[in-house]
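Computed over heavy atoms, backbone and side chain alike; hydrogens, waters and symmetry mates excluded.
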Amino acid sequence: MASELARIIRSVVDGTTVGPEEIRVVLAGDGEAAIALADLAQRVDALRQRSAELRGVMSSTRDLLAIPDADLMLQRIVDRAHELMKVDVTYLSVYEPVRDELYVRAATGTISPRFFGMVVPAGIGLASLAVRTQHPQWVEDYSTHTAVPHDPTIDEVVGEEQLRGLLGAPLVVKGKVLGVLFAATRSPHAFRPDEIALLSAFAAHAALVLHLAQLLRQATDATAEAASRQREAEWAASLHGELTQLVVDGHDAEAVVGALTEALGRDVTLVSDGGVLRSAEIDPFADPILRAAAAEAAVSGRSVVIPTGGIELVVSIIAASSRSESMLIARGEHPLTPVERRTVERSALTAALVMLRRNALADAEEWVRGEVATEVLEGAANRVTGLRRAAARGYPVDRSWVMVALPCDPDARPRLLARLRIRTDWLVAPAPLGVTVLAPMMTDGEAEETEALATARKVGDFAGPGSGLVVASGRASLEEAAVAAPAIWQTAQLARGLGINTGVIDAATLAPYSLLFEGDGGRIAAFVDSMLAPVIAWDSLHGSDLLKTLAVLFDERWSLASAARTLHVHLNTVKQRMQRLRVLLDEDPDQPEARFRLELAVRIERARQVAQRASKS
């Protein structure tokens with residue numbers, strides 16, 4: 001008996017399972033000792049199993065610490081819980097404290113596609129109860145348990161999984177609930193204390209691992225953010241150094257724009273007031289949103305973000321000058337970062353320094369060129385000095401020049417002057433009725449009239465849509481072009497009086513008549529109207545050619561037969577037209593004085609028509 005008892009005790013110590021019946025057989029004579037030994041064997045088995053479970057928990061913790069991915073870690077927690085608990089289903093609901101909701105983020109053993117991602121609202125089910133109490137919660141049969149608030153949708157999903165017994169252990173770290181780990185069975189199950197303790201212990205370890213992972217992720221993010229900020233700071237410092245070197249080396253604003261374009265990896269456009277473009281082919285300020293943003297940036301001194309369109313950022317370049325300039329930063333693949341925005345603003349200050357120097361030089365240059373233009377145009381006394389200064393500055397004074405008159409309103413004159421003075425090869429000066437431009441003829445050749453109009457059209461195009469009428473005349477030299485200025489302006493005034501307000505016309509078209517009326521467009525228009533208004537009205541109403549007949553009669557020295565041949569009509573037709581003209585005209589065209597006034601009116605009207613057609617071409 002002693003030997004059998006010793007064997008049983010060694011078996012208990014070694015972990016070999018010894019049943020109660022075997023113990024009672026060996027200790028048949030001592031029932032109380034048999035009961036005590038059987039109880040001891042059961043306790044040793046329980047402790048050994050508990051030890052194994054705890055080793056499993058510790059081993060799982062070590063494994064979890066090696067997992068860098070958060071979602072993978074959640075799934076591994078659920079998988080290990082499933083192995084430890086030996087239940088049908090395990091899942092983990094992550095707690096969102098702001099919304100007070102739980103989201104199923106990992107599960108093992110589920111069959112319903114709706115289970116993963118299920119949202120448990122606040123106050124519903126065991127999960128919410130575990131969050132509020134921060135203690136494990138369990139039910140033997142969830143389908144019949146009424147003490148816990150139910151939700152129809154949640155019950156429907158749980159029913160699809162056929163879950164009955166539920167045990168939930170909260171994941172808590174420093175009083176903060178991270179989620180709830182569940183073990184579930186598909187049949188009613190009364191969870192034992194050791195099962196509850198095991199899941200709670202594993203949940204506590206998992207909570208620490210999750211919390212550590214969050215801290216590590218935050219530290220990693222902070223490190224990455226610090227590294228990113230350092231790179232941005234180094235990038236900004238490098239660009240600032242490059243821009244400073246550009247200033248030191250005497251480069252212009254376009255070089256600043258080029259460096260910024262390369263650094264940002266997107267287009268940068270430099271523009272000035274009035275739509276004067278420095279680095280663009282079109283006027284971006286045609287967009288009222290951009291104009292408003294540029295005005296706001298000029299007032300605030302800070303960049304302004306444009307929410308939509310091709311331009312993302314507008315920053316004003318503030319310099320001590322009457323000009324207002326801005327940089328437009330194109331929208332890129334990603335929005336500009338705050339560091340990039342501040343760098344653009346600092347780049348604008350660098351550009352302002354460059355432009356301050358450039359504008360000072362440009363203002364001085366414009367003042368000199370304006371003074372030369374004024375001297376050339378003012379009169380014989382100053383013209384010699386002006387021509388000498390123009391030649392000294394490299395202007396081809398002995399080549400063909402074009403005198404261009406651009407009538408405009410007084411309010412538009414400053415903008416037009418600023419716009420035209422950008423062209424350093426032109427001499428530009430204000431005039432009482434607008435702006436005078438002396439421009440070298442584009443090419444010298446036999447057809448000087450055509451080249452003069454081409455040059456004038458180029459001046460008008462550069463002046464922009466606000467320039468309106470352009471009156472020009474080509475001359476053999478700068479001096480001759482300047483001498484012709486008063487006559488050209490008289491012609492321009494005459495053209496406007498005749499209703500010609502747009503386009504490019506040759507001053508020669510109306511020049512003979514401007515002297516007769518001293519450039520008074522109102523007088524010449526009234527004269528033509530008094531002589532020909534009935535004739536023009538009759539032609540317009542009946543589609544006839546009375547005015548053309550008069551013009552041909554004057555060209556043919558009042559010969560009715562010659563006029564008929566020129567007009568390709570019968571002589572009687574010309575006679576009938578003359579009868580109609582005698583009725584319409586206030587004066588008798590057969591009288592020499594009346595015929596002279598009538599011929600003058602006809603020729604002025606024909607010149608007006610030619611000028612109008614030329615201005616529209």
Chemist: Minimum heavy-atom separation for Gly168 to Ala130, with atom names?
Modeler: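 Looks like O-CB, 4.5 Å.
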
Chemist: Are the side chains of Arg164 and Ser143 in contact, using a 4.5 Å heavy-atom criterion?
Modeler: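 Ser143 vs Arg164: side chains touch.
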
Chemist: Just wondering, do Glu312 and Arg266 contact through their side chains at under 4.5 Å, heavy atoms?
Modeler: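 A side-chain contact under 4.5 Å exists here.
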
Chemist: Using 4.0 Å as the upper bound for N to carboxylate O, is an ion pair formed by Glu195 and Arg192?
Modeler: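 Salt bridge flag = yes for Glu195 with Arg192.
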
Chemist: A side-chain contact here means heavy atoms from C-beta on lying under 4.5 Å apart; do Ile124 and His150 qualify?
Modeler: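 Result no, sub-4.5 Å side-chain heavy-atom pair not found.
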
Chemist: May I ask you to test the Leu178-Val172 pair for a side-chain heavy-atom distance under 4.5 Å?
Modeler: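 They are not in side-chain contact.
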
Chemist: Is the backbone N or O of Val119 less than 3.5 Å from a side-chain atom of Glu101, with the two atoms forming a donor-acceptor pair by type?
Modeler: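 Not at all, since once roles are kept as given, no pair shorter than 3.5 Å links the two residues.
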
Chemist: Please evaluate residues Glu160 and Phe115 with respect to the criterion side chain to side chain contact (heavy atoms under 4.5 Å, CB included), reporting the C-alpha separation (whole Å), side-chain torsions for both, the decisive distance (0.1 Å), and the verdict.
Modeler: CA-CA 9 Å; Glu160 289 178 2; Phe115 195 85; over 6 Å; no

Chemist: Roughly how far apart are Leu260 CG and Glu340 CD, rounded to 0.5 Å?
Modeler: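 Reported value, rounded in 0.5 Å steps: 9.5 Å.
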
Chemist: What ring-ring contact (aromatic ring centres under 6.0 Å, His included) pairs are there with at least one residue in residues 163-189, not counting sequence neighbours?
Modeler: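 Applying ring-ring contact (aromatic ring centres under 6.0 Å, His included) to every pair that reaches into residues 163-189, excluding sequence neighbours, yields Tyr91-Phe182, His189-Phe191.
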
Chemist: Pick one: which of Leu171, Thr108, Val104 meets side-chain contact (heavy atoms from CB on, under 4.5 Å) with Leu92?
Modeler: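 Option passing the side-chain contact (heavy atoms from CB on, under 4.5 Å) with Leu92: Leu171.
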
Chemist: Is there side-chain contact between Glu140 and His145, with at least one heavy-atom pair below 4.5 Å?
Modeler: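 Side chain of Glu140 against side chain of His145, heavy atoms only: no contact under 4.5 Å found.
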
Chemist: Does CZ belonging to Arg99 count more than 12 external heavy atoms closer than 6.0 Å?
Modeler: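 Check fails, neighbour count at 12 or below.
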
Chemist: So do the side chains of Val268 and Leu328 get within less than 4.5 Å of each other, counting heavy atoms only?
Modeler: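 No, every pair of side-chain atoms sits at 4.5 Å or beyond.
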
Chemist: Between Glu296 and Val314, is any pair of side-chain heavy atoms under 4.5 Å apart?
Modeler: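 Result no, sub-4.5 Å side-chain heavy-atom pair not found.
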
Chemist: Taking Glu161 for the side chain and Ile111 for the main chain, is one N or O donor matched with an acceptor at less than 3.5 Å?
Modeler: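 Such a contact is found between Glu161 side chain and Ile111 backbone.
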
Chemist: Determine the minimum heavy-atom distance between Arg331 and Ile311, stating which atoms define it.
Modeler: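 Shortest heavy-atom contact: NH2-O, 3.0 Å.
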
Chemist: Passes side chain to side chain contact (heavy atoms under 4.5 Å, CB included), Val89 versus Arg186? Steps please.
Modeler: CA-CA 8 Å; Val89 174; Arg186 290 194 168 94; 3.5 Å; yes

Chemist: Side-chain contact, heavy-atom cut-off 4.5 Å: Thr185 with Leu163?
Modeler: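 Thr185 vs Leu163: side chains apart.
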
Chemist: Could you report the tightest heavy-atom contact between Arg105 and Phe116, atom names first, then the distance?
Modeler: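 Scanning both residues, the minimum pair turns out to be O-CE1, 2.8 Å.
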
Chemist: Tell me which one of Leu199, Ile196, Leu166 satisfies side-chain contact (heavy atoms from CB on, under 4.5 Å) with Trp138.
Modeler: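 Result: among Leu199, Ile196, Leu166, Ile196 is the only option passing the side-chain contact (heavy atoms from CB on, under 4.5 Å) with Trp138.
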
Chemist: Suppose we screen for salt bridge (charged side-chain N to carboxylate O under 4.0 Å, His left out). Which residues come up paired with Arg341, at least two apart in sequence or across chains?
Modeler: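 Salt bridge (charged side-chain N to carboxylate O under 4.0 Å, His left out) list for Arg341, sorted by chain: empty.
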
Chemist: Measure across Pro188 and Asp141 and return the closest heavy-atom pair with its distance rounded to 0.1 Å.
Modeler: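 Taking every non-hydrogen atom into account, CG-OD2, 3.7 Å.
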
Chemist: OG1 of Thr153 to CG of Asp155: how many Å apart, nearest 0.5 Å?
Modeler: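 Atom-to-atom, Thr153:OG1 and Asp155:CG are 8.5 Å apart.
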
Chemist: Over all heavy atoms of both residues, which pair between Met327 and Val344 is shortest? Give the atoms and the distance, please.
Modeler: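 Looking at all heavy atoms of both residues, the shortest contact is CE-O, 3.9 Å.
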
Chemist: Applying salt bridge (charged side-chain N to carboxylate O under 4.0 Å, His left out), name anything that partners Arg413, two or more places apart in sequence or on another chain.
Modeler: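 If we apply the salt bridge (charged side-chain N to carboxylate O under 4.0 Å, His left out) test to Arg413, skipping adjacent residues, there are no hits.
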
Chemist: Which residue, Val120, Val131, Val148, forms the side-chain contact (heavy atoms from CB on, under 4.5 Å) with Leu126?
Modeler: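 Exactly one candidate clears the test, Val148.
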
Chemist: Any idea which heavy atoms bring Val180 and Ala127 closest together, and the distance?
Modeler: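 In this case the closest contact between Val180 and Ala127 is CG2-O, 3.8 Å.
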
